[in-house]
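Below is one structure, written out as structure tokens, with a few remarks after it.
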Amino acid sequence: MKLLIVEDEIKTGEYLKQGLSEAGFIVDLAHNGLDGHHLAMTETYDLLILDVMLPDVDGWRILKSLREASKEVPVLFLTARDSIDDRVKGLELGADDYLVKPFVFAELLARVRTLLRRGANHTAELNLRIADLELDLARRRVSRGGKRIHLTAKEFALLELMVRRQGEVLPRSLIASQVWDMNFDSDSNVIDVAIRRLRAKIDDDFALKLIQTVRGMGYMIDTPDTT
Ligand code: CA
């Protein structure tokens, strides 16, 4: 699942991005309202975390634009201010939840998961599936043939990306930017190593192999029926 954080305090933004990435989410971070507004309006996210007080385009403006454009993505507001007025204003504009700074990361993660579960009813799918492999996106769990498989956060993010785009060959460069948030270095074997580990967990014990290597191009997840 892909989240956008708009937060002008560099440390807070980086801390949130790191924590949420470690929890297995794909995270975009904007350090100002203008970039945040642009990303929110042009990209597709499962959830937005908006700081209210931003020096240029504030969190309210971003939320207002989203709702005016009928984008129903769940929005969690971060605010240092805890006045009744702010809460009322945000709720009128269609914020889904609030967190008052300073907060504990575990609390933020719990709120994010709740919003994603709630949001899944009318926005994105809550579960992804291919053949007998199933991903529970809110709980970050994977099972195959009904048997739970334990993945690391990165492995989960990688698998989620591949299942979302099943049947599509994903170049290593795309996987690197989406899952590792890095530019792909062709000397690096990070992606290949991660794919090998993922295969060992989701394919090795099963007759039907889902992960396919497309020589010279990248990797793909697919079932033989649809190739
Ligand atoms: Ca701020």
Side-chain angles (χ1 to χ4, degrees), residues 1-5 13-31 35 39 42-47 49 109 112-113 116 124-145 147-227:
M1 285 188 144
K2 200 171 173 188
L3 315 184
L4 172 66
I5 303 167
E14 298 292 347
Y15 166 73
L16 287 178
K17 180 174 179 172
Q18 191 188 340
L20 289 165
S21 300
E22 280 168 7
F25 295 102
I26 293 166
V27 184
D28 280 350
L29 171 62
H31 287 299
D35 291 348
L39 284 170
T42 54
E43 300 282 319
T44 303
Y45 294 102
D46 297 291
L47 180 108
I49 299 172
L109 189 58
V112 163
R113 288 191 163 136
L116 287 172
E125 280 292 317
L126 187 57
N127 293 305
L128 291 176
R129 197 184 285 272
I130 180 166
D132 57 350
L133 178 79
E134 197 177 332
L135 281 76
D136 177 337
L137 297 179
R139 288 194 294 173
R140 320 302 291 169
R141 285 188 182 176
V142 178
S143 61
R144 189 159 180 196
K147 192 174 159 238
R148 176 95 185 265
I149 296 169
H150 294 274
L151 297 185
T152 65
K154 282 292 175 211
E155 287 165 353
F156 190 96
L158 173 60
L159 183 61
E160 179 183 351
L161 174 71
M162 296 180 81
V163 175
R164 274 187 191 279
R165 301 177 69 163
Q166 54 189 269
E168 204 180 315
V169 182
L170 305 178
R172 287 174 178 80
S173 56
L174 182 139
I175 295 173
S177 69
Q178 292 278 305
V179 180
W180 277 268
D181 196 24
M182 63 179 195
N183 290 321
F184 182 61
D185 168 2
S186 53
D187 293 335
S188 154
N189 65 347
V190 170
I191 312 282
D192 307 279
V193 170
I195 290 277
R196 201 180 311 139
R197 292 214 175 106
L198 190 57
R199 265 192 173 127
K201 290 184 179 180
I202 72 157
D203 269 347
D204 278 8
D205 295 341
F206 297 86
L208 180 68
K209 309 299 181 196
L210 297 173
I211 297 175
Q212 296 167 30
T213 305
V214 183
R215 276 198 116 162
M217 293 180 72
Y219 294 103
M220 169 169 76
I221 203 160
D222 209 354
T223 53
D225 324 344
T226 52
T227 44

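Side chains are part of it too, since the values below use all heavy atoms of this structure and drop only hydrogens, waters and symmetry mates.
Note that the CD atom of Glu168 and the CD1 atom of Ile221 stand 13.0 Å from one another [nearest 0.5 Å]. Expressed to the nearest 0.5 Å, how far CZ of Arg140 lies from CD of Glu155 amounts to 13.0 Å.
Residue Arg197 qualifies as open at atom CZ: its count of foreign heavy atoms under 6.0 Å is 12 or below.
Each of Leu158, Ile191, Leu161, Leu170 was evaluated against Tyr219; a single residue qualifies, Ile191, per the side-chain contact (heavy atoms from CB on, under 4.5 Å) test.
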Might you work through the side-chain contact (heavy atoms from CB on, under 4.5 Å) test for Asn127 and Leu135, ending with a clear yes or no? CA-CA 5 Å; Asn127 293 305; Leu135 281 76; over 6 Å; no

side-chain contact (heavy atoms from CB on, under 4.5 Å), that's the test. Do Leu210 and Thr223 meet it? Break it down for me. CA-CA 6 Å; Leu210 297 173; Thr223 53; 3.8 Å; yes

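Taking a cutoff of 4.0 Å between a charged side-chain nitrogen and a carboxylate oxygen, Arg144 and Asp203 qualify as a salt bridge. Here Asp192 pairs with Arg172 in a salt bridge; the nearest charged N to carboxylate O distance falls below 4.0 Å. Using a 4.0 Å cut-off between charged nitrogen and carboxylate oxygen, Arg141 and Glu134 do not count as a salt-bridge pair.
Defined by atom type and a distance below 3.5 Å, a donor-acceptor pair is missing between the side-chain atoms of Glu14 and Gln18.
Inter-residue side-chain proximity for Leu128 and Glu160 is flagged as met; some heavy-atom pair is nearer than 4.5 Å. In this structure, the side chains of Ile49 and Val112 come closer than 4.5 Å at one or more pairs of heavy atoms. Considering only heavy atoms from C-beta on, Leu116 comes within 4.5 Å of Phe25 through its side chain. Contact check for Phe156 versus Val142: side-chain heavy atoms found under the 4.5 Å cut-off. When side chains are defined from C-beta on, Ile202 counts as touching Leu133, because their heavy atoms get closer than 4.5 Å.
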